[in-house]
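This report concerns only the one structure given below.
In what follows, every heavy atom counts, from backbone to side chain, and hydrogens, waters and symmetry copies are set aside. All chains are named by letter (A, B, ...) in the order of the sequence lines, taking the proteins before the strands, and each is independently numbered beginning at 1.
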Amino acid sequence: MSKKNVIIKVNNLKKSYNGFQAVKGVTFEVFENEIFGILGPNGAGKTTTVEMMEGIRRIDSGDIEIDNIDIDKYPARAKHILGIQLQEADYFDHLNLKELIELFGEFYGNKSDATTLLKRVELESKWKSMIKQLSGGQKQRLSILLTLVSNPKILFLDEPTTGLDPQARRLMWDFIRELRDEGKTIILTTHYMEEAELLCDRIAIMDNGEILKLGAPNDLIDDLLKKGFKKEVVQKAANLEDVFLDLTGKRLRDK
Amino acid sequence: MISRTSLKLTIATIKMYMRDKRALMFTLLIPIITMSIFGILDFSSSGNLKLGIVMTGNSNEELKSTVDELKKSGNFETFEGTYDEEMKALEEDERDMILAFELKFPSEEDVTEYVKFLPANLDILNTKCNKDISVKKNLDCIVSEYIQSSTKVEVKALINTSSSQTAEFALLAIQQQFTQISLQKAKVSPLFEVTKEEVNVNRLTQLDFILPGMIGLTIMQAGLFGVAGTIVSYKEKGILKRLFATPLNKFDFLFSNVITRILVGLLQVLVLFAYPKFANWAISTLRDIPMENSQFYFTIVGNFGELLAFAFIGNVVFICFGFAVSSFAKTFDQVQPIIMLIQFPMMFLSGVFFPKEALPNLVQKVADYFPLTFLADGLRLIMNQGKTMFETGPELIGLVIWGVVIFLVALKLYKWD
């Protein structure tokens, strides 16, 4: 790839809660049009870092520039170019999907085409349903869809495939790649290493509020191998998931 | 000022509210149920007073007619039985009062005394007895006339302590009736003549007192539970966080919620007025009685618009309270005890169900400053005394001060996550 444009600059970012330093001065850049993964065990500081980047958590010190906007100073302006999917967020109970999408569009000041959006995640037949009537996978797809109502430049996806069956997960990966190919920048947090390896252009591995390593997944693996690392068990050319998908097919189950 | 976003969100919020069947049912049903209970209980009238009548010994025409009148008056549910039967019923709380009637004839000694002091010339006595017949017969006649005129009806009233207040009022009325009969019989005109004239303006029915209180109470509950419950559940489910991950600003969010709550409050107040009006009409039509005699009768002396305006101010104040509660409660489970803590003292001390004059002095002084007291009292002044909103004075000022203070507290404390 040719020279990349930096779209997000994070510089010496710090945050503490009641004396506990959750983020201890992290610095990194995200390029335009890449899938950037943030990985780390629970409590590593990923969510705090991401939430500060999303403008929903105040910054203690350091700064974040999103497409040349200082997010801590102008969160409202920055939010117009962001699409944010939260892991444990719920939505209004008594609106149907179409109404919900249109309402979210209103928050960005634009009319959204609910039908087209629903088609993208294969939920077009559910437009009249309420959130409560959706399955876990459908809900997850809807929550991604809702980040797209404003056609944002940058997407934040927080564990977008957690709780999905293998079929749905694979389709979600395809969808996320498709979004990148449309020109969006995607910041993704995940616990699945396979997902990060297959999906992310670059990843940052965090622990204890610090970034331990940053780079393309393949480069990181190569670095490890160069250090003389050897896996105890040599993997077979296929794994159990391949067996599962071979038996059950790749078709999405809860359209 | 009002953005397109806040307008759209308001419409969506109202839509969600109307679709939430359970919430809607509670909004409208609770006032209706409470009103119905008050209609059925009907504290003020002694109409259901259960009166046991015991006749001991002989009876005469006068006693019979008096008792008949008592039965026919329709003021009591009357029962007749022996002393023991009625006493048993009273002990079982089946009677509020027993009236035991007994004729007391003058004793033989009294008669002898009377005869002894009769003047020699009986003609000077003002009697109905025929003066032409023999002295002996004339004397018998005079004596029997004396016995008749000196016969007293002894009435013993036994009052059930559990209903002593209503029973005592009833007894007072009965005593008055008996005095009237005695005076008539003695052909004496009463020394004092009290004429009663009912001035209709301030003739308060039970509902005239209860209704403003009920409106205040409903507004308080809707504000506290409605606002705090909704917002905290949004917080708990992460809806709030998700909303503010969009450019939606907090003002638009608050605006839409406040408007929705104000409309809900208005709807409730209208139901609270419409329901007794309807019940009133239904009862008076079905039972064929004048409207004034139905338990649901009430009058609005003041201006209805002023009444709604004052209720609106109260509504805004309690919406602020709701926001204040939602600022420090993190989960729905925390909301309930906090609201109970605010609600309970006001429910019982603000003079909603019974006049606060019944409270101990010190408690009453504190309760005078409760926001619900200001609201209920102000509504009463407008509804019962025909004052305007601004004439209520302290009530309006007190309410506004509460609103401003709570609003500032909510603003200062507010935590969005």
inquiry  = Counting only heavy atoms from other residues, nucleotides and ligands, does the tally under 6.0 Å from CZ of Phe407(B) exceed 12?
reply    = no
ask   = Between atom OG1 of Thr246(B) and atom CD1 of Ile56(A), what is the distance when rounded to the nearest 0.5 Å?
value = 10.5 Å
Rounded distance [0.5 Å steps], NZ in Lys241(B) versus CD in Glu54(A) = 8.0 Å
inquiry  = Can you list the residues of residues 103-110 of chain A that sit under 4.5 Å from chain B, counting heavy atoms only?
reply    = Leu103(A), Phe104(A), Glu106(A), Phe107(A), Tyr108(A)
ask   = More than 12 foreign heavy atoms under 6.0 Å from CZ of Phe278(B): is that the case here?
value = no
ask   = Do the side chain of Lys79(A) and the main chain of Phe244(B) share a donor and acceptor less than 3.5 angstrom apart?
value = yes
ask   = With sequence neighbours left out, what residues match Phe344(B) under ring-ring contact (aromatic ring centres under 6.0 Å, His included)?
value = Phe348(B)
request  = Sort Leu146(A) into side chain, backbone, both or neither according to what part of it lies under 4.5 angstrom from a heavy atom of chain B.
outcome  = both
request  = Supply the atom-to-atom distance Lys8(B) NZ to Lys111(A) NZ, rounded to the nearest 0.5 angstrom.
outcome  = 5.5 Å
query = Using non-hydrogen atoms only, which part of Tyr234(B) is less than 4.5 Å away from chain A: side chain, backbone, both, or neither?
reply = side chain
query = Residues of residues 89-98 of chain A under 4.5 Å from chain B (heavy atom pairs)?
reply = Ala89(A), Asp90(A), Tyr91(A), Phe92(A), Asp93(A), His94(A), Leu95(A), Asn96(A)
task = Would you mind checking which part of Glu51(A) comes under 4.5 Å of any heavy atom in chain B, side chain (CB onward), backbone (N, CA, C, O), both or neither?
result = side chain
inquiry  = When you measure from the side chain of Arg242(B) to the backbone of Ile84(A), do you find a donor-acceptor pair of N or O atoms at a distance under 3.5 Å?
reply    = yes
Acceptor/donor pairs from residues 147-158 of chain A side chains to any protein atom, 3.5 angstrom cut, sequence neighbours excluded:
{"unit_1": "Thr147(A)", "atom_1": "OG1", "unit_2": "Ile144(A)", "atom_2": "O", "d": "2.4"}
{"unit_1": "Asn151(A)", "atom_1": "OD1", "unit_2": "Lys184(A)", "atom_2": "NZ", "d": "2.6"}
{"unit_1": "Lys153(A)", "atom_1": "NZ", "unit_2": "Asp67(A)", "atom_2": "OD2", "d": "2.7"}
{"unit_1": "Asp158(A)", "atom_1": "OD1", "unit_2": "Thr189(A)", "atom_2": "OG1", "d": "2.5"}

